[in-house]
Every structure is written in C-alpha cells, then in structure tokens.
Asks: 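There's a structure below that I have some questions on.
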Amino acid sequence: MQLPAPIRAPTFLSRRRLFEQKLADLHKCTDLNQLKQLHALIYKSNLHKDPFIAPKLISALSLCQQMTLAINVFDQIQNPNAFLCNTLIKAYIRNSEPDKAFEVFREMRWSGIFPDNYTYLFLIKACSGLQSVKMIHAHVEKYNLYSDLFVPNSLIDAYSKCGLMGVKAAKVVFDVMEERDVVTYNSMISGLVKAGELTQAKKLFDGMPHRDRVSWNAILDGYVKAGEMSAAFQIFEKMPSRDVVSWSTVISGYAKTGDIEMAKGLAKEAARLYDRMEEARLKPDDATFVSILSASAESGLLGLGKKVHQSILRRHGAYLVQWKEKMVTWNAMIHGLAMHGHGRKALQLFDRMKQEGFAPDKVTFVGVLAACSQCNDGIHHFYSMENDYGIAPEIEHYGCLIDLLGRGGRLSEAFRLLHNMPFEPNVVIWSSLLRACRMHNAVQLAEEVLHQLVKLEPAGPGNFSMLSNIYAAAGDWGSVSNARLQIRNIDSKRPSGVSLIELNDEFHEFTVMIQLTLNQTEIYQTIKGLNQHLTKIPYAPSIAI
DNA sequence: CTAGGGTTAG
C-alpha cells in the first residue's frame, strides 16, 4: 500500500524566495493588506534603509494612500539622494498634494541635493496654472534641461492646459527646441486643438516629419470639436490605421451634433460605425463607453445608447467592477441624483465618497453644487472647494452658485456674483438667471437679462417665450403680445425648437406646434394618463402661455 | 518618465 506523499511545510529558503519575489514588484503593490505584511517584514529584516527597497516602499505606500507611513520611511534615510526625493515628490502628486511635492523640491535644493530631469518632469505634473508652469520653465531654461526631450515635451503639455495664454507659451517652448520628436509635435497639436486653433494645428500636422496614430487622432479630434464632421470623416478614412481612440472620437462626434437637420443621418452613421468597430474586433474601453453614452444621452439616441449598454453587459460586468473604483462613477452618480431632485442623497453620497478615500475633483463639485440648489449648503461647499481641496472655481461652479442664489430668490446677490466673478457670463448662466426671474416675477431684471442673452444668442426663441411668460405672470398682456411677435420673427427665419428621440430605429420629432406623424393616439393616451395621474397627487401645474 | 478619445452648471 502506498502512502500519499507528505505535505511539506514551506522551507525557510522558499519562503525567503517568495519574499524576494514580492520585493521585486513591491512598488506596484496596490493591496493594502499585503503591503502591511511586507512593510512589517521589511522592517524586521532591517531592509527599510536599503537604497533599492526604500523608494519602492514609498511608491507602494503612496499607491495605498498611506502617506504618513511613506514619509516615515523617507525620514529614516540619513542622506537621501535625488532618486529618493523624486519618489517622494511622485508620491505626493499621486495623492493630490502638489504643494507638498513643491515643498520637497525646495527642501532638496536647500540641502544641496541636485534635482535631475526626473524631478522637473514630476514637478511639471504638480503644476496647476500658468504661474507654476512658468516657474518650472525658468529652471529648465537656467539649467538647460532641453536635452532630455521628456522635459520640454511635458512643459508643452502642461502649458497647453492653461488656456490661450498657455498655448502661446507652449509655442515658445516648441519654437526654441533644437530637436523635436513625434511627442513634441503631438503635444503641441493637441494644445492648439484644445485652444480651438485648428488652422495652426493642421499646419503643424501637415509639416511634421513623421505622423503616428496619436497625431492623426489629435487632428481628427480637432475637426470633431470644430463640428466639421465631413472633414473629420475624411481624415478618419484617410488615416493609415485606426484604433479605439479614433473610433470613439468620430462616433461621439457624429452622435452629439446639435444640428437637428443633420442629426438623423449622423445618428444612423454613428450607430453604423459602432457596429463596424465591433466587427473590426476592436475592444471599446471605458473612455469609449463614457464618451458615446454621454453623446447619445445628449441627443436622445436611445438605440446607440442601448448598443453600448449591451457591449458593457457582454463583458461579464468587468467594466462595472472597474468603474466602481473610478472617480467618474462617483461624479456621474452624484450628478445623476442631483439632476433628479435627490439633492440630499447626492450630498450623502458625496460624504460616502470622501469616507472611502476619494479626493473630490472639480467635476465632483459641479454635482455637489447642483445638488445644493435644493438646500442651503451651496456657498459653504463653494468655499470649501478652494480652501479644503485647493480647487480653483471655474465658470461651471460660479454658474451653479448663481443658479442656486437665483432659485432661492436672492437675485441681487446672484447679480453681484455674476458681475464679480472672473469669467464672462455665458448663455447657460444668463438663461438660468432668466428662469430665476420668472420664478420670482422680477420683470425688470428679466428684461436686462434678456438683453444680454439676445447679444449672445440672437436666434433663441426660447428666451422670448420665457420673457413672454414673465409678462403674463405680471399681467402685462401688451408686452406678452410684443414678445410673441418677436418669437414669430425668429421662427420665420429658423426652424423652431425640436426635441428628437430615436426609438426602434425610428426618429420622433416634437415641435412647439406639435405635428405628430406616428402613433398619435398612443401619445395622446399617454398624455391623458399622465394628466389623470397628476390629479391624484398634490401638484399645481404651472401654466405656460 | 512626456503625446490622442471621457464624466460636469440651464
């Protein structure tokens, strides 16, 4: 009779080998529990001062958001070198503490450690705004760090994210470079595209020595952003090869076009392209999904949206798991709740997000402030955004706050903020104020707002109908007919507002002067049902004229 | 270690 082989306990040697293997990949460790074990073992083996282990340990700890422990490791090294300092800088950036990253930089210069090209590379990432990029740029000039192309390339990219002024500065760096590679050109092209300088971008694209797929995708995006879909499609067909980025760009471009006349054709084109992408066995990724879904949601392309949804489900939910961990998911959920009147739930989710260790970003705050239109914490969150999280408010945030004040009837405060904010008010802000004027019967203010709106959007019939409603609420019937006349003037020049939704491969249009072509009875029955439902719940309909 | 497509206010 044969006995089964005894199970051997792991020998000291194999355990040691396992430990060494784990140490090799230590800097990639994202599992906190595993890291804690390794952390203990490293200290026990007195390896925490090892010049190869210490930076890896700092990296891993920063990945697991354990900055206190990471600093602890750093502080125990008597003579840190540039490599170790770079690791700490990178760690701070990863944990969204750019100020601390700059502090490390100051300290290392103070203690006579020479920063290297990597130091500057990481610091460029920590920059927010033109001033800080300029500061690094000055160092790059002073120490002539142009020989490592990564440095000026990153500078171009960082400048490109600072608006129009930034793109100009990026161009200066670009022009001064004696040697350029494909990344240099691509960064500059994408910067120009972001600034809306399509002509210049195209010129650079045409003149560059070698174009890769990134170059083609960047210029493709330029045409899509400019709304020039036929030119974009020509580029899409002409480019030597296409990847998920090319497909995502062109599909969402087709899907989100605002031109109703062309919408139907383009929507079909978008759906057709989506099928073609799947036929080409290209795997759409999370960015593909996000961009196409948002474009189809904006334009009411239910079919395309469903297609994307099906692709996601077909992946066994793998993407859902991935998304669970992502900022966009929290942001989208908070915003979704806010949009649908669940302001309190949105704020509760915001708290949970923070508890789970996510640092809110500027998009999160758009959702949070939108949620506050139903409560009074908006101003508190607005200040907290800059003071506690170091996020400079953008026009969207001011827009939310103005909307919030307007809804609350604090119209004069809303106006004061509008005039004092560092941005030119846009259509969204003026129309949100117009709506606030309607809510609070502020006739005179409404006239002023309309005046501004007409300047920005001369052919917007919705504005005059809002004004007409305001006059009606005030009983000024003479002005009502006047406003109606204006609407008719605009209407004769331009097709009136159309709401479009696609169902089962068919497009349904709804206009102000409703002309139903399909299933009239079914639609009217639904409306009748809705009205009946409304009589049963406490609801006071507002009467539009 | 740098470059391309993404979430957002009416």
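All chains are named by letter (A, B, ...) in the order of the sequence lines, taking the proteins before the strands, and each is independently numbered beginning at 1. What you see below is based on every heavy atom in this structure, not just the backbone, and it leaves out hydrogens, waters and symmetry mates.
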Asks: Around atom NZ of A/Lys354, are there more than 12 heavy atoms from other residues, nucleotides or ligands closer than 6.0 Å?
Replies: yes

Asks: Classify A/Ser246 by what it touches in the nucleic acid, base, sugar-phosphate, or nothing, heavy-atom distance under 4.0 Å.
Replies: nothing

Asks: Looking at the rings of A/His381 and A/Phe350, which for Trp means the six-membered one, are their centres under 6.0 Å apart?
Replies: yes

Asks: As an exercise, state the distance from CG of A/Leu293 to CG of A/Leu304, rounded to the nearest 0.5 Å.
Replies: 8.0 Å

Asks: Base, sugar-phosphate alone, or nothing: which one does A/Asp181 contact when heavy atoms must sit under 4.0 Å apart?
Replies: nothing

Asks: Within the structure shown, what part of the strands sits under 4.0 Å from A/Asn426 by heavy-atom distance: base, sugar-phosphate, or nothing?
Replies: base

Asks: When you check the phosphate oxygens OP1 and OP2 of B/dA9, does a side-chain N or O of A/His397 lie under 4.0 Å from one of them?
Replies: no

Asks: So does A/Ser294 get a side-chain nitrogen or oxygen closer than 4.0 Å to the phosphate oxygens (OP1/OP2) of B/dT7?
Replies: yes

Asks: For a quick check of understanding: with a heavy-atom distance under 4.0 Å over all strands, which category does A/Thr249 fall into, base, sugar-phosphate or nothing?
Replies: sugar-phosphate

Asks: Just to be sure I understand the rule, does A/Asn331 reach a base, reach only the sugar-phosphate, or reach nothing, if contact means heavy atoms closer than 4.0 Å?
Replies: base

Asks: Give one of base, sugar-phosphate or nothing for A/Asn86, where a contact means two heavy atoms less than 4.0 Å apart.
Replies: nothing

Asks: Go through the N and O atoms of the side chain of A/Asp285 and the base of B/dG5, and report whether any donor-acceptor pair is under 3.5 Å.
Replies: yes

Asks: Examine B/dT2: is either OP1 or OP2 under 4.0 Å from a nitrogen or oxygen in the side chain of A/Lys125? Give yes or no.
Replies: yes

Asks: Look at the side chain of A/Cys400 and decide which nucleotide, out of B/dA9, B/dA3, B/dG6, has an atom nearest to it.
Replies: B/dA9

Asks: May I ask you to say what A/Ser431 touches in the nucleic acid, namely base, sugar-phosphate or nothing, with a heavy-atom cut-off under 4.0 Å?
Replies: base

Asks: Any sub-3.5 Å donor-acceptor pair from A/Asn153's side-chain atoms to A/Ile156's backbone N or O?
Replies: no

Asks: Does the side chain of A/Lys90 get closer than 4.0 angstrom to OP1 or OP2 of B/dC1 through an N or O atom?
Replies: yes

